[in-house]
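The structure under discussion appears below in the form of structure tokens.
So you know, we letter chains A, B, ... as the sequences are listed, proteins then strands, and number each from 1. Computed from a predicted structure; not experimentally measured.
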Amino acid sequence: MKQSDLFFKTYKKISEEEEAKNSQFLIRAGFIEKVGAGIYNFLPLGLIVIEKIKKIIREELNRISCQEVLLANLHPQEFWQKSGRLKKFDVLFTVRGQRDNQYVLAPTHEEIIFPLVKKNINSYKDLPVALYQINTKYRDELRAKSGLLRNREFIMKDLYSFHTDEKDLERFKKLMDKTYLKIFKRCGLKAIPTLASGGTFSEFSTEFQVITEAGEDIIYHCPNCKYAFNKEIIDEKNNKCQKCFNNLIENKSIEVGNTFNLGTKFSEIFDVFYLDKNNQKKYIWAGCYGIGITRLLGAIVEVNSDEKGIIWPKEVSPFLVHLIKLNYSDSKINKKLRLIADRVYLTLKNNNIEVLFDDRENVSNGQKFIESDLIGLPYQIIVGEHSHSENLEIRSRLIKKIHKLKLNNLIKWFNSLNN
RNA sequence: CGGGGUGUGGCCUAACGGAUUAAGGCGCUUGGUUUGGGACCAAGAGAUUGUGGGUUCGAAUCCCACCACCCCGACCA
């Protein structure tokens, strides 16, 4: 992608009201734009990151035989009346249609997927099954805050699994927990599985918490045996690990995902059952598993940045390389450098290395450097007076190093990074 | 939802009852000089000061209502 074609603008200054680091950097670097409290537009750069996160999630979920669907977001109100959550769920957005029909804007999808599963599953032979979607959620938070961490409209991956019995559900939940750790790791995050309250559905759930000062949650975790739990589930102050009796560490953290055992609660409400081998009617056991994708994006930026800007983890970076051609008044030098930069650009592109090419003329070199650091791609290749095709300068804030390379060796060098 | 605060060109700010035609910086347009860390000079374009009402000879400025946004708390399947 040539930067001269990219729809984006960086900002030196944005409102002091925008306090959260994640939205500050993402707005300043031209990834997102704020529409209202807890409502954001995703610009080309931001959307690329979102799509990369989705890709990772899809790869890992499809690998364990989960199937993707896309569920309705406009829910006829009777579905919510039936589940009893119309009154209980206090962040519901509701809309009225032209003929006075009432809808709920989806804050979650149990009310939709359980009726769907009822129609399609009749026998123990149909189970287990795991369906997921990546979709927008609406929650009328009284206080949206912290940039992308707590929004009124946000993108979420929600997965629902259906089983013949609790044992199979537990088996699957463990598999999901493992898969979640893989997903977060690929996103550049260290997530801690944390025992938490199960809300109204079950006694406990597993939350995946990323430690950062920007977080709203408080967790206690053991540095020795990795046992961790959310502050919400402890009654009395207890500083010792219940497993190995080490001192627990207290940290603020962001919940980027969770896994729940729903039991048969919704199956009973929506009468979702199957026939077992003995022709007996049994309620289906279900689990639900969420990852807040836009929140995850916020968490990635909170954790991966320095004073200059974002430092993207490789797999979710909008591009791997920022190719920067510097400008000079001497048109001869300028022309020569442009030729070199074009060659580097094509070489990278032809070898499937994702590159953003800052080809802009009439932009000062200082501005190019500062904007590049703000955007924060893992590698910068600088084509300037001191660097030419036999002496390319490669920088990385990710590994804090400067390399000098010949164009001929460039692809080999990048390929060696993956090993 | 309780408490506190803020709304001024696209963005960030100043002016806080009368100094002029609402000022400056960023960004934008045109021309010129620059270019290894958000360059400089010159000339431009761009605002019914969140909305509605009120007080006053006079309101961006004071008062009321509404709306929006921010912070603290509560809430958070």
Side-chain angles (χ1 to χ4, degrees), chain A residues 8-20 23-24 27-30 33-39 80 83-92 104 106-111 113 137-147 149-152 154 156 158 160 196-202 205 207 215-217 230-232 254-255 257-263 265-266 269 286-290 292 295 307-309 324-331 333-334 337 358 360-375 380 382-387 393 395 397 402:
Chain A
F8 98 121
K9 183 181 274 296
T10 63
Y11 295 87
K12 261 186 204 175
K13 269 192 176 170
I14 58 166
S15 170
E16 286 156 18
E17 282 191 344
E18 198 68 43
E19 277 196 350
S23 48
Q24 252 186 34
I27 291 170
R28 284 190 53 214
E33 189 213 352
K34 188 167 198 154
V35 177
I39 309 169
W80 284 78
S83 72
R85 292 162 108 191
L86 195 57
K87 297 263 156 57
K88 261 167 77 182
F89 210 113
D90 57 2
V91 292
L92 282 188
V104 170
T108 178
H109 281 78
E110 284 85 1
E111 275 74 0
I113 200 156
K137 296 278 187 280
Y138 299 89
R139 290 185 191 173
D140 192 8
E141 296 286 354
L142 291 168
R143 191 178 163 210
K145 59 173 193 166
S146 307
L149 300 186
R150 191 173 175 76
N151 285 174
R152 299 208 167 106
F154 56 98
M156 185 172 176
D158 46 328
Y160 306 87
S197 139
T200 51
F201 302 116
S202 53
S205 69
E207 293 176 345
E216 302 186 284
D217 287 5
N230 194 305
K231 190 179 183 178
E232 69 192 10
I254 301 172
E255 179 190 348
N258 57 39
T259 59
F260 273 93
N261 177 339
L262 294 179
K265 177 166 175 132
F266 280 96
I269 291 171
C288 104
Y289 317 82
R295 176 184 279 186
E307 69 288 344
K308 289 179 177 172
I324 303 167
K325 181 214 157 264
L326 300 183
N327 291 321
Y328 298 92
S329 56
D330 186 328
S331 63
I333 294 177
N334 232 8
L337 293 179
D358 189 352
R360 297 172 300 171
E361 313 284 347
N362 309 318
V363 173
S364 78
N365 295 336
Q367 187 177 336
K368 288 193 171 204
F369 283 121
I370 291 212
E371 286 189 347
S372 178
D373 287 346
L374 183 61
I375 293 170
Q380 298 172 330
I382 294 140
V383 177
E385 258 183 331
H386 313 305
S387 46
E393 182 180 330
R395 298 181 183 180
R397 276 189 297 152
I402 297 181

Rounding to the closest angstrom, what is the interatomic distance between [N] and [M] at atom [atom1]?
| N | M | atom1 | value |
| --- | --- | --- | --- |
| rG10(B) | rG27(B) | C1' | 8 Å |
| rU55(B) | rG17(B) | C1' | 12 Å |
| rA60(B) | rA43(B) | P | 30 Å |
| rG7(B) | rC63(B) | P | 13 Å |
| rA15(B) | rU61(B) | C1' | 9 Å |
| rC40(B) | rU20(B) | C1' | 30 Å |
| rA14(B) | rG4(B) | C1' | 24 Å |

Identify, between K34(A) and E216(A), the residue whose nearest nucleotide on RNA chain B lies closer to the 5' end.
K34(A)
First encountered from the 5' end of RNA chain B, between S364(A) and N334(A)
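Closer to the 5' end of RNA chain B: N334(A).
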Taking pairing as Watson-Crick or G-U wobble with both contacts under 3.5 Å, can you name the mate of [N], or confirm there isn't one?
| N | result |
| --- | --- |
| rA15(B) | none |
| rG44(B) | rC28(B) |
| rG73(B) | rC1(B) |

Any side-chain to backbone donor/acceptor pair from D158(A) onto G290(A)? Under 3.5 Å, distance only.
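Judged by distance alone, no pair lies under 3.5 Å.
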Of the options [options], whose atoms approach the side-chain atoms of [X] most closely?
| X | options | result |
| --- | --- | --- |
| Y11(A) | rC28(B), rC11(B), rG38(B) | rC11(B) |
| S329(A) | rA77(B), rU34(B), rG36(B) | rU34(B) |
| D90(A) | rG36(B), rC69(B), rC75(B) | rC75(B) |

Length of the line joining E19(A):CD and rC71(B):P, which is rounded to integer Å
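Taking atom P of rC71(B) as the reference, CD of E19(A) is at 6 Å.
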I need the CZ-P distance between R150(A) and rC71(B), as an integer number of Å.
12 Å
Just to be sure I understand the rule, does N258(A) reach a base, reach only the sugar-phosphate, or reach nothing, if contact means heavy atoms closer than 4.0 Å?
nothing
Can a side chain N or O of K265(A) be found less than 4.0 Å away from OP1 or OP2 on rA77(B)?
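False: K265(A) side-chain N/O out of range (4.0 Å or more) of rA77(B) OP1/OP2.
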Side-chain donor-acceptor contact under 3.5 Å, K137(A) with N151(A)
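No, N151(A) and K137(A) have no side-chain donor paired with an acceptor closer than 3.5 Å.
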